[in-house]
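Notes to accompany the following structure.
Just so you know, residue 1 is the first one in the sequence shown, and it goes up from there.
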Amino acid sequence: MNLEGRSLLEPDAVKLTDIDRWILSQLNAAAAAARAALEGTVFNEAAQAVYEFIWSDFCDWYIEASKAFPLRGRP
């Protein structure tokens, strides 16, 4: 990712919406499921957890729900 010439916001400076907090909780759950599957060498379940998060939670819900909220002054 090319971030040259850009300044990043401090995590505490970002105000998260309810949908932002929801997707972070879903990401944490997917990461935990994938980690558990990898530790048990059940690679197909790890891949399934990642796949379901990306397509079901992120693409189907988060992106669509985010369209309802304007950026509200975010850079």
Side-chain angles (χ1 to χ4, degrees):
M1 181 178 344
N2 184 2
L3 297 175
E4 187 175 326
R6 299 198 180 231
S7 60
L8 300 177
L9 297 174
E10 292 296 323
D12 295 337
V14 177
K15 300 220 183 320
L16 298 176
T17 64
D18 289 339
I19 193 71
D20 294 332
R21 285 189 289 280
W22 174 80
I23 197 65
L24 290 173
S25 73
Q26 295 300 102
L27 174 60
N28 286 333
R35 178 179 293 123
L38 288 172
E39 288 172 353
T41 63
V42 187
F43 302 115
N44 63 315
E45 288 182 14
Q48 187 67 33
V50 173
Y51 178 88
E52 287 178 9
F53 169 76
I54 291 170
W55 286 108
S56 196
D57 297 330
F58 187 74
C59 293
D60 287 348
W61 288 103
Y62 182 72
I63 291 175
E64 294 302 319
S66 296
K67 291 177 185 178
F69 297 101
L71 290 177
R72 290 183 239 151
R74 292 185 188 178

Once salt bridge (Lys or Arg N to Asp or Glu O under 4.0 Å) is applied, what residue pairs with a partner in residues 33-56 remain, sequence neighbours excluded?
none

For residues 23-34, please give each side-chain donor-acceptor pair under 3.5 Å, one per line with the distance, not counting sequence neighbours.
residue	atom	partner	partner atom	Å
Ser25	OG	Trp22	O	2.7
Gln26	NE2	Asp57	OD2	3.2
Asn28	ND2	Leu24	O	3.3

Should Phe53 and Val42 be regarded as members of a common hydrophobic cluster, given that ILVMFWY residues are connected when their side-chain heavy atoms come within less than 4.5 Å of each other, either directly or indirectly?
no

Tell me whether Arg6 at atom CZ has more than 12 heavy atoms from other residues, nucleotides or ligands lying less than 6.0 Å away.
no

d(Ser66 OG, Trp61 CH2) to nearest 0.5 Å is 12.5 Å

Ring pair (Phe, Tyr, Trp, His ring centres under 6.0 Å) involving Phe58 - partner list, sequence neighbours excluded
Tyr62

Hydrophobic cluster identity match, Ile54 and Ile19, side-chain contacts under 4.5 Å:
yes

